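Let me begin by presenting the structure, written as structure tokens, before commenting on it.
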Amino acid sequence: MNGEPITGAVGAPRPRIEGPLKVTGTARYAADVPMPGLAHGWIVTATVSRGRLRAIDTSAALGMPGVLGVLDHRDAPRLNPAAGNYFGPDGSLQLLQDDVIPYAGRPIALVLAETLEQARAAAGAIRVDYDVQPHDVGFHLDHPASRPASTAFGPEADTGDVDAELAASAVVIDERYRTPEECHSAMEPHAATAWWENGHLYAVDSNQGAFSVSQVLAALWSIDRDRVHVRSEHVGGGFGGKGLCGPQVILAAMAGERFERPVRVTLTREQVFEATASRPPTDQQVRIGADADGRLRAVHHRAAYALSPLAEYIEWCTEQAKILYAAPAIRTQLTAVPLDVLPPASMRGPGATPGSFALESAMDEVAERLGLDPLELRLRNQPTAAPVSGRPFSSRRLISCLQEGARRFGWAARDRHPRTRREGPLLIGSGMAATSFSAGVFPSTASITAETDGTFTVGIDASDIGTGARTALTAVAADALGVGTEQIRIRIGDSDLGMAWGAGGSRGTTSWSFAIIEAAKKLRERLDDPARPVTATMDTSALIDYQPARERQTFSAVFAEVTVDPATGEVRVRRLLGMFAVGRVINPMLARSQVVGGMIMGLSMALHEESVRDPGTGRQVNGDFAGYHIAAHADVPDIEADFVPDYEPQDPSGFNGLGEIGTAGTAAAIANAVWHATGRRQRSLPIRLDRVLEAVPAQAPAGEVHAA
Ligand code: MOS
């Protein structure tokens, strides 16, 4: 049976099972857990972008009411410098270990007090002197410090002869695209409550994977992993910004050890901006050559992103150039530019989202130059196998997404010429983009207990950051055990449940489902034995094939309609429609919610989001919600999102991930719609009012305006 529908829980729409807990305020987040004897930590951050600490004067702070002490590099517990996240030793974890300031916002001290207010007041009384050194936050593609990015995610593409194919092309475009540094901006700021007991570290932390945080903490303190217990039952959003072990839990654990009390550290919104990882800025060059009939001859995608020398990171912007279109020559070059900035991390749809903005904008430019419908250009260049690896696709329903999306959007009625539709003072345009996002599974462990009352307890260290994972996994477990969902009790968000992948890389639900289904199989074999309770535990690491024979990707097509006011430069998205191919859908209600959320994030990226750094100080000048704009309700139209029938044959249940594909593609579709409305390309995000005004003459020349 292998997870084929038995009871039909998979495929049925069902609201989040923890919804009532959340709306009644019963769900406890990391900063909510009641804790006797709790002390509060307040972080002091560096205000310069590079240098050394000359002096930290804590004398005034230590005399203030309720203050228990201050931790800084002179006396903080020593951490193991070899500890790391996914890419090996990670200097961004080494908090309060030395006097070096690698970026503005780096935590340099923690004040501990009886109340949050006392800690905050004392932090304001700490005097810090720096030896300031020159910093460099000036990011661009050809920066002299740039170096090839790590190829840990796969080799660069270099097939065919790009220059010869470009020379033989009827149409060539060669353009630069830029995306800014962005902040994840989850609703719940990073927070942790930590304490030590008999040599064991306990933490309630806001993160996207309790097990990996427990591994990092164990490595930092050089203790056995099973002495670290991290719980993260409810998490108020992450978007990748909580994918790594955050500063809050490291600092809370340090203070808990030193002061022998439970310690809570909650970041302010400003500290989330300055002290937790962001999406790095990108600067990309795309060269595409095509024949007059719209056949691509060459795709060359060069992309650079900023990082910190403290830690490796890959913003994999060039991946889609290897997946989306067939061409005799395809070349990718990804470079990393080390700067004096905080280490970046994955943000929803990492790599694919800024990469797709560049590639899919460039494809639109090719269609424009050819005088061809941009949808038709995509359809003419669909590969039969992965264009660079040559591997067959596991399932590739992109053409269905494109055709069905176009049908629902009414694309056929569109005049491809720009600036041809007007409504009163507004210019109207529509645009589209195709996308892919890699899919797969990572090892996880699940255990299932058949209880004496006929119910089942499923334990897996899954992470539900608001996605509905808990609800989806309940359905998966019910079908795998052949029982109703009401017979399933699920426990997640606890590192004691064993090794599991986190909510990241669009691989959470596929990985956890794989483990649950395997554990259920084992349990069902043993259930013939009438004695209950019986527990089966399954670790799927031995079953995961990291090099599956077929290319495993999800696909989507996004369509957007915008209005542009040429007098104010205001762009509004009027319609947004996404069709997705993500394997078999576990819960259509929550899946739709997830991809709609992703599309809103793409809309926000297209029009609003931008962390701005002052080159003089290197610091962010808009690191709060007054200065950093994200899409609000009034910016978001009624979004349509749906799924084409799909089944992933390399998955035991036909599933693929859908966490991030919603975001990728949306910004390009909107930028292409802005071009269609105005006749001017927007190659830098966000599409701010000033950028529109600069590009678009307020009064169209006589004769250019056609009736709508
Ligand atoms: Mo996702 S940005 O991989 O948490």
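The structure displayed is predicted, hence computed values, not measured ones. Indexing begins at 1, ligand by ligand and atom by atom, following the structure's order. All values below come from the heavy atoms of this structure, side chains included, with hydrogens, waters and symmetry mates left out. We number each residue from 1, following the sequence as shown.
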Notebook entry, point to check: How are the rings of Y202 and H229 set to each other: parallel, tilted or perpendicular (split at 30° and 60°)?
Noted result: parallel
**Request:** Check whether any side-chain N or O of S593 sits under 3.5 Å from a backbone N or O of M589 as a donor-acceptor pair, and report yes or no.
**Result:** no
### Query
Do any N/O atoms on R348 end up under 3.5 angstrom from N/O atoms on ligand 1?
no
Counting from 1 in the order shown, the ligand 1 atoms closer than 4.0 Å to a non-hydrogen atom of M347 are 2 (S)
**Q.** Under 3.5 Å: donor-acceptor pair, side chain of R264, backbone of A31
**A.** yes
Atom 3 (O) of ligand 1 sits nearest the protein heavy atom G505 N, 2.6 Å
In terms of the angle between their ring planes, are W501 and Y86 parallel, tilted or perpendicular, with boundaries placed at 30° and 60°?
tilted
message: Could you check whether any side-chain N or O of Q320 sits under 3.5 Å from a backbone N or O of L359, counting only pairs where one atom can act as donor and the other as acceptor?
response: no
**Message:** If we only consider heavy atoms of G243, is any one of them less than 4.0 Å away from an atom in ligand 1?
**Reply:** no
Counting heavy atoms under 4.0 Å, the part of Q208 that contacts ligand 1 is side chain
S346 heavy atoms within 4.0 Å reach ligand 1 at atoms 2 (S)
Under 4.0 Å between heavy atoms, the region of A503 that gets near ligand 1 turns out to be backbone
| said: Side chain or backbone, does G504 bring an N or O within less than 3.5 Å of an N or O on ligand 1? | reply: no
Describe, in one word, how the ring planes of Y313 and F87 are oriented to each other, choosing from parallel (under 30°), tilted (30 to 60°) and perpendicular (over 60°).
-> perpendicular
Counting from 1 in the order shown, the ligand 1 atoms closer than 4.0 Å to a non-hydrogen atom of P350 are 2 (S)
I want to know whether F437 and W316 have ring centres closer than 6.0 Å. no
The protein heavy atom nearest to atom 1 (Mo) of ligand 1 is E660 OE2, 2.7 Å
